[in-house]
Engineer: 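What follows is a structure written as structure tokens; I'll ask about it next.
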Amino acid sequence: MSSSQSPARLTAPATLLLLAMSAMNASAVFAQNPAQIVVAQPADIRSTNPGVNRDNTTDGVILNVVEGLVGYHENGSVGPLLAKSINVSPDGLTYTFKLRTGVKFHNGDAMTSADVLWSWNRYMNPKTDWRCLSDFDGRSGTKVLSATAPDAQTFVLQIDKPSAIFLDNLARTDCAMAAVISKKSLKADGSWDKPIGTGPYKFDEWKRGEYVTLSAFADYQSPPGNKPDGYLGLKKPQIPQVKFLDVPDMSTSKAGLQSGAIDAGQITSSDVKELKANRNLNVIIPSEAGKNTLLMQTNDPVLKDERIRQAIALSLDMKQIVEAASEGLAHVNNSAIYDKSLFYSAEQKKGYAYNPAKAKLLLQQAGYRGQPIMIQANKRAHVPSYTVAVLSQAMMQAVGINAQIEVLEWATQLDRYNSGNYQMSSFTYSSRLDPALSYEQFSGNKAKQSRKVWDDPAAQKLIDQSFVESDTKKRQVLFDQLHNMLIAKTPLIVLYNVTDSWAIRKRVNGYTVWESKPLMWTSSLAK
């Protein structure tokens, strides 16, 4: 079935009515669709074109349909997906991908290197408007000099300089993993039609503003492994059909979960306790690499003194802040590296110790005289910005810091962040799996990029090395050094990693969410 062009949108009242009707006769709904599960998503997808006009919700649907040469392990490292093996030349400039055999597109055609080359050339065409073009055409660092397919099972990329993150960029979910798709995904006139990929689920229908349906691909060929591992490992589509239902209101999603009209959906952290007590539901709390932080403007007349920044860190009972802000669902992580990462070492576990007495001493030594320190925050429901700011303000005031809060609309706070116009900011960063990319989010020359938080030439030298050094052990040394420097200099305080809360009907087993995206091939229907 092709995507619907209907402009109709299921409004919030219409969604409520649908769920109310389902609540009156949930058993009848399942009798009609015994092999389908319904997954609530907070918004409609933006498009079906991989890596083009996308957002996180879109990626979460489409990455069940398409795959790339490489993908992420659960620990954030990268491994072969459609590739069987990857060989990197000694100079780090040539990547040779040997393809897995027996892989088919959803239309039954066999995938070969010609399809990989066609897909790659399409992404590199500026008219495609691929989100990640600048990461491969030289504008953001690496430039792919050539792409060739010397035989049916071999694909070769040559780049201009060694890069430790080249494969990571290929695996990135916001890049749609540089997915390999069939030429028949396009219409005869070359315009986009629908995704014909190699993934465990086939694209069925998109009714705009209402739902997307996918169906299990009977001829799917799983990558090696005896269990799921991020986007790698065993991938076995066991549920015949999945409907991603547009439910923008979380209270509506909650009602649907309770009634049986919805099988899986994200919930607020405040609803976790109630829904855990529901005998028909399971609750999972997946964490991701996003970072909840307190930024500090090191060019500020007061905060340029690192003793004051350290005093702020020591004034905070971070365990209490994290427990309150996350409803007890998260734990402190002062590292820029998320705690499931391959690079999360014992050194990364070192952080700040709550020490109000030392904070007061540092303030005295710095000659602090009660100058106001403003914390910018927003009240978006799905981030802890305001809660973190309120708790931090109270603790900072307890040691003599004149902390105040300025509540802003998110767009305004983002503008202030991008221009560096703040003293402190309670801010959440999106996920970056490779540590080099995580540090790059907030580190750099402020004169060139005002949004950068940590402008330290010594740290930048280590970060630059981490983008080139591909040896895992040597990279670990660099990241451990960076972590110790970050704790000592305190240009920002990383508090904890982002957590999501999901409720799942017990008729569904094995439901998995990774980096806020549902991996539908891990799920099965209870017998």
Engineer: With the side chain counted from C-beta on, respond yes when D339 and Q348 share a heavy-atom pair under 4.5 Å apart, and no when they do not.
Structural biologist: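 A side-chain contact under 4.5 Å is absent here.
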
Engineer: Any donor-acceptor pair under 3.5 Å linking the side-chain atoms of Y511 with those of N282?
Structural biologist: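 No pair is found: no donor N or O on one side chain lies under 3.5 Å from an acceptor on the other.
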
Engineer: Begin from the C-alpha positions of D168 and R432 and carry the test salt bridge (Lys or Arg N to Asp or Glu O under 4.0 Å) through to its verdict.
Structural biologist: CA-CA 10 Å; D168 185 272; R432 293 294 184 272; over 6 Å; no

Engineer: With distance as the sole test, does K452 use its side chain to make a donor-acceptor pair with the main-chain N or O of E440 at under 3.5 Å?
Structural biologist: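 Yes; judged by distance alone, with no hydrogens or angles, the pair exists.
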
Engineer: Which pair of non-hydrogen atoms, one from S430 and one from Q441, has the smallest distance, and what is that distance?
Structural biologist: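 Shortest heavy-atom contact: O-NE2, 3.1 Å.
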
Engineer: Any side-chain heavy-atom pair from I262 and L257 closer than 4.5 angstrom?
Structural biologist: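 Yes; the side chains approach each other to less than 4.5 Å.
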
Engineer: Please name the pair of heavy atoms, one in A179 and one in S119, separated by the smallest distance, quoted to 0.1 Å.
Structural biologist: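 Looks like O-CB, 3.9 Å.
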
Engineer: Does a donor on one side chain and an acceptor on the other come within less than 3.5 Å for Q41 and T57?
Structural biologist: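 Distance-only check fails for Q41 and T57.
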
Engineer: Quick one: does any side-chain atom of Y201 pair with a main-chain N or O of I239 as donor and acceptor, under 3.5 Å?
Structural biologist: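 Flag set: sc Y201 to bb I239 pair under 3.5 Å.
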
Engineer: Taking T412 for its side chain and L408 for its backbone only, find out whether a donor-acceptor pair lies under 3.5 Å.
Structural biologist: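 Such a contact is absent between T412 side chain and L408 backbone.
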
Engineer: Could you go through the side-chain hydrogen bond (donor to acceptor under 3.5 Å, both in side chains) check for S287 and K340 one step at a time?
Structural biologist: CA-CA 9 Å; S287 63; K340 291 183 175 63; 2.8 Å; yes

Engineer: Please state whether the rings of F97 and Y95 are parallel, tilted or perpendicular, taking 30° and 60° as the class boundaries.
Structural biologist: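 Parallel: the ring planes of F97 and Y95 meet at under 30°.
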
Engineer: At what distance, to the nearest 0.5 angstrom, does CH2 of W118 lie from CG of L186?
Structural biologist: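 CG of L186 is found 4.0 Å from CH2 of W118.
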
Engineer: If you compare all heavy atoms of S524 against all heavy atoms of Q238, which two are closest, and at what distance to 0.1 Å?
Structural biologist: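 Between these two residues, the closest heavy atoms are CB-OE1, 3.7 Å.
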
Engineer: May I ask you to test the Q266-V513 pair for a side-chain heavy-atom distance under 4.5 Å?
Structural biologist: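 Counting from C-beta outward, Q266 and V513 never come under 4.5 Å.
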
Engineer: Please tell me if the side chains of V498 and N292 come closer than 4.5 Å, counting only heavy atoms from C-beta onward.
Structural biologist: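 With C-beta onward as the side chain, the pair touches.
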
Engineer: How close do S253 and A40 get, counting heavy atoms only, and between which atoms?
Structural biologist: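 Taking S253 first and A40 second, the nearest heavy atoms are OG-CB, 3.5 Å.
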
Engineer: Start with the C-alpha gap between D59 and K517, add the side-chain angles, then the distance that decides, and say whether salt bridge (Lys or Arg N to Asp or Glu O under 4.0 Å) holds.
Structural biologist: CA-CA 7 Å; D59 297 340; K517 301 172 187 65; 5.2 Å; no

Engineer: Indicate yes or no for a side-chain donor-acceptor contact from D263 to the backbone of V38 under 3.5 Å, with no hydrogens or angles considered.
Structural biologist: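 Such a contact is found between D263 side chain and V38 backbone.
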
Engineer: Check L63 against Y231 and note the closest heavy-atom contact, atom names and distance.
Structural biologist: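 Between these two residues, the closest heavy atoms are CD1-OH, 3.7 Å.
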
Engineer: Taking the six-membered ring for Trp, are the ring centroids of Y220 and W521 within less than 6.0 Å of each other?
Structural biologist: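 Not under 6.0 Å, so no.
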
Engineer: Does the pair I62 and R54 meet the rule for a side chain to side chain contact (heavy atoms under 4.5 Å, CB included), with working shown?
Structural biologist: CA-CA 10 Å; I62 299 301; R54 42 69 56 199; over 6 Å; no

Engineer: Tell me, please, which residues at least two apart from H106 pass ring-ring contact (aromatic ring centres under 6.0 Å, His included).
Structural biologist: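 F217.
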
Engineer: Among side-chain atoms of T58 and D55, is any donor-acceptor pair under 3.5 angstrom?
Structural biologist: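 Side-chain D/A pair, T58 to D55: present.
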
Engineer: Less than 4.5 Å apart, side chain to side chain, heavy atoms only: is that true for N56 and S516?
Structural biologist: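 They are in contact (side-chain heavy atoms under 4.5 Å apart), so the answer is yes.
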
Engineer: Do we see a donor-acceptor contact under 3.5 Å between the side chains of T101 and Q153?
Structural biologist: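 No, because no side-chain N or O of T101 sits under 3.5 Å from a partner of the opposite role on Q153.
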
Engineer: N497 side chain to G290 main-chain N or O, any donor-acceptor pair under 3.5 Å?
Structural biologist: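 Yes.
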
Engineer: Does any N or O in the side chain of S182 come within less than 3.5 Å of the main-chain N or O of K184, such that one atom is a donor and the other an acceptor?
Structural biologist: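 Checking the backbone N and O of K184 against the side chain of S182, a donor-acceptor pair under 3.5 Å is found.
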
Engineer: Are a donor atom and an acceptor atom from the side chains of D189 and S191 found within less than 3.5 Å of each other?
Structural biologist: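 Indeed, the side chains of D189 and S191 share at least one donor-acceptor pair under 3.5 Å.
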
Engineer: Indicate yes or no: at least one non-hydrogen side-chain atom of W130 is less than 4.5 angstrom from one of C175.
Structural biologist: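 Sidechains of C175 and W130: in contact.
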
Engineer: Of I493, L294, T293, T428, which meets side-chain contact (heavy atoms from CB on, under 4.5 Å) against V388?
Structural biologist: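 So, applying the side-chain contact (heavy atoms from CB on, under 4.5 Å) to V388 and each of I493, L294, T293, T428, only L294 qualifies.
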
Engineer: Side-chain donor-acceptor pair under 3.5 Å between T268 and D271, yes or no?
Structural biologist: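 Yes, a side-chain donor-acceptor pair sits under 3.5 Å.
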
Engineer: With the side chain counted from C-beta on, respond yes when L82 and R100 share a heavy-atom pair under 4.5 Å apart, and no when they do not.
Structural biologist: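 Side chain of L82 against side chain of R100, heavy atoms only: contact under 4.5 Å found.
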
Engineer: Counting distance only, does the side-chain N/O of Q241 pair as donor-acceptor with the main-chain N or O of A35 below 3.5 Å?
Structural biologist: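 Answer holds: no.
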
Engineer: Walk me through it: do L214 and M520 pass the test side chain to side chain contact (heavy atoms under 4.5 Å, CB included)?
Structural biologist: CA-CA 10 Å; L214 311 179; M520 297 312 307; 5.5 Å; no

Engineer: So does K506 have more than 12 non-hydrogen atoms from other groups sitting under 6.0 Å from NZ?
Structural biologist: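 Yes - once you tally the heavy atoms of other residues, nucleotides and ligands closer than 6.0 Å, there are more than 12.
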
Engineer: Looking only at the aromatic ring of each residue, does the gap between the centers of W410 and Y417 stay below 6.0 angstrom?
Structural biologist: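 Ring centres of W410 and Y417 not closer than 6.0 Å.
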
Engineer: Is a donor from one side chain sitting under 3.5 angstrom from an acceptor on the other, for N169 and R172?
Structural biologist: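 Yes - a donor-acceptor pair under 3.5 Å links their side chains.
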
Engineer: Within the structure provided, determine whether V66 and F203 are in side-chain contact (heavy-atom separation under 4.5 Å).
Structural biologist: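 Side-chain contact under 4.5 Å: no.
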
Engineer: What's the verdict on side chain to side chain contact (heavy atoms under 4.5 Å, CB included) for N64 and F244, showing C-alpha distance, side-chain angles and the deciding distance?
Structural biologist: CA-CA 12 Å; N64 288 283; F244 289 95; 4.2 Å; yes

Engineer: Are F166 and F136 close enough that their ring centers fall under 6.0 Å?
Structural biologist: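 Judged by ring-centre distance (under 6.0 Å), F166 and F136 do meet the cut-off.
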
Engineer: Okay, side chain of S47, backbone of V52: is any donor-acceptor separation there less than 3.5 Å?
Structural biologist: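 Checking the backbone N and O of V52 against the side chain of S47, a donor-acceptor pair under 3.5 Å is found.
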
Engineer: For K243, does its backbone N or O pair with a side-chain atom of T213 as donor and acceptor, under 3.5 Å?
Structural biologist: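 Checked: no pair found.
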
Engineer: Can you name the closest pair of heavy atoms from G209 and D246 and give their distance?
Structural biologist: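 Closest approach of G209 to D246: O-OD2, 3.4 Å.
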
Engineer: Dump the intermediate steps for side chain to side chain contact (heavy atoms under 4.5 Å, CB included) on S501 and I285, then the final yes or no.
Structural biologist: CA-CA 5 Å; S501 304; I285 318 291; 3.8 Å; yes

